[in-house]
Amino acid sequence: MLISMATFEHLPVRVGGLAEAVTSLGEALSKRENVMIFMPAHGLLQDDDGSFTHKPVKYCDFRIMVGDRIFPVTVYNTERKGVRIFLFSNEVLDHQQVYQPRDMFIAKMVHFTKAVPGLINIMLKKEQQKPDVIHINDWHCVFAGGLVKKYFKIPFVFTIHRLCRERISVHELNEVNLSELVDTRYLEGDMFNIEKFGGHHSDYLTTVSYSYLNEEWRTFFSTFEGKTTYVWNGTDSEFWNPELLEHANLSRKERRKLILKENGLDDGILFFNVGRLDAEQKGIDVLLKAFEMIMTGEVPGSDQVKEKMRLILLGSGDHHLENEARRLEHQFPENMKTIIAYLGRETTREYYGASDFCLVPSNFEPFGLVQLEAMCMECIPIGSRVGGINDTILDLHDFPEESTGRLVPPRNSVALARAMVEMTQISLLNDQFQQLDKMRRRGREHVIKNFNWDKAAERYIQVYKNMATIKLPFVSYAEPY
Ligand code: NHF
């Protein structure tokens with residue numbers, strides 16, 4: 001089976017979890033089937049960091065028409081870990097920032113929409129083959145999926161990694177001569193709902209967790225009942241492995257002491273948060289409030305444990321939140337450290353491997369990779385009861401014997417603060433410490449067993465195959481210009 005996946009992110013281009021998900025899924029699928037990735041070049045051709053097996057080589061060029069202008073497109077081909085990668089390049093598709101500024105991003109989406117069928121058309125001639133399925137990841141690639149299905153009768157799977165409710169005006173679509181996509185079913189006033197278009201046109205609609213599917217059932221997914229399902233992401237437990245830590249030979253407590261010292265803090269119970277500092281999705285404001293409430297003694301039991309609590313925040317993003325984190329660090333210099341940076345996967349692994357708990361206070365989270373990475377690294381997650389966090393963490397109070405972490409209601413600083421106090425109390429009692437050690441080990445086992453990419457790939461193949469068995473006549477796409 002020849003599987004094609006269209007995406008705006010694939011390593012080394014990474015903005016968020018989408019890159020990790022698509023890259024890992026592609027690799028896992030390629031162990032069983034042939035996989036090709038379609039992605040805008042995003043400046044990668046100028047900035048090759050050596051992550052491909054060989055330098056991208058020109059595969060073909062053709063022209064596309066956008067409005068009244070004709071643009072050349074060159075497609076380069078390379079490989080990464082057994083996956084063929086096609087990078088689409090021209091003055092728009094080469095723009096380095098993936099999603100910004102908005103005008104450029106929309107232009108990129110339009111060029112990509114037109115270029116993907118162009119490539120398939122040439123592939124048919126050069127290789128006498130076309131993909132059996134096109135797997136569209138998030139709304140940016142939906143129109144490409146629509147055209148590929150329309151002109152090549154290739155079934156399309158649409159995976160929503162996060163609902164964005166993105167709209168585009170009918171006028172904008174007309175201007176770039178994509179009015180053939182407009183259909184009154186997706187019109188909201190004179191705006192066109194892109195995800196609804198994807199939902200209607202796809203043969204299968206998937207999202208990345210059972211809880212997210214349910215949370216958004218009434219607002220979106222129920223419209224597509226009958227062809228909607230979920231496929232959990234996985235995580236790379238070979239990379240997220242405590243044996244690979246720099247001080248793997250030391251105990252967790254000793255590693256913690258070292259990392260706290262590096263950050264100018266004395267030993268204590270370490271809470272860690274990593275990722276984008278963002279209030280809308282990641283709930284960092286909730287976390288900062290919870291920490292402040294503990295430190296100012298507003299939460300029952302906090303006075304007894306607060307001196308022992310340490311918080312390290314690693315990430316960057318919203319400037320207001322960065323300032324708020326700095327303010328708290330200033331106010332509680334013995335308890336908190338803020339690292340406004342992205343330190344790379346290896347260094348992040350060291351933090352997971354030294355922290356007692358990892359905080360994942362998202363307001364919503366379609367899947368969420370952090371809690372899985374934490375569990376893989378035997379760091380206990382304390383997360384919101386939403387989306388993929390809810391699906392992957394087994395809560396201490398719900399499942400005392402099988403638990404792998406703590407779940408708290410979202411958008412609730414008091415509940416989070418209470419859970420942090422509770423877990424600190426447990427950590428400070430020696431006999432309870434063993435209970436936590438068991439939880440750490442169970443967490444890693446739970447992820448390896450249930451959330452691995454091979455499992456995800458197997459399920460996606462089922463999804464693809466259901467469709468791929470549908471025999472559709474081939475209709476040729478217009479000749480390249
Ligand atoms: O893990 C990859 C990621 C998810 O929850 C995450 C999100 C975007 O918001 O599927 O996509």
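Just so you know, ligand 1 is whichever comes first in the structure, and atom 1 is the first atom listed for that ligand.
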Exercise for the section: Considering heavy atoms of the protein only, find what lies nearest to atom 6 (C) of ligand 1 and give residue, atom and distance to 0.1 Å. Expected result: Glu365 OE2, 3.3 Å

Problem - Protein contact to atom 3 (C) of ligand 1 [nearest heavy atom, distance to 0.1 Å] - result: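 Looking only at protein heavy atoms, the one closest to atom 3 (C) of ligand 1 is Gly17 C, 3.9 Å.
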
Practice task
Please say whether His161 places an N or O atom under 3.5 Å from an N or O atom belonging to ligand 1.
Solution key: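 Indeed, backbone or side chain, His161 has an N or O that close.
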
Practice task
Check whether any N or O atom of Ala21, backbone or side chain, sits under 3.5 Å from an N or O atom of ligand 1, and answer yes or no.
Solution key: no

Practice task
With heavy atoms only and a cut-off of under 4.0 Å, state how Glu20 meets ligand 1: side chain, backbone, both or neither.
Solution key: neither

Practice task
Please state which part of Pro366 comes within less than 4.0 Å of ligand 1, counting heavy atoms only: side chain, backbone, both or neither.
Solution key: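 Both backbone and side chain.
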
Looking at [X] and [Y], does any basic side-chain N land under 4.0 Å from a carboxylate oxygen?
X      : Y      : result
Arg102 : Glu166 : yes
Glu346 : Arg349 : no
Lys149 : Asp203 : yes

Handout entry: Check: Leu270 main-chain N/O paired with Ser355 side-chain donor or acceptor under 3.5 Å
Key = no

Exercise for the section: Tell me whether the centres of the aromatic rings in Phe367 and His161 are closer together than 6.0 Å. Expected result: no

Practice task
Report yes if the distance between the aromatic ring centroids of Tyr352 and Phe272 is under 6.0 Å, otherwise no.
Solution key: yes

Problem - Gly368, Gly16, Gly387: member with heavy atom nearest to atom 4 (C) of ligand 1 - result: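 Residue with the shortest heavy-atom distance to the ligand atom: Gly368.
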
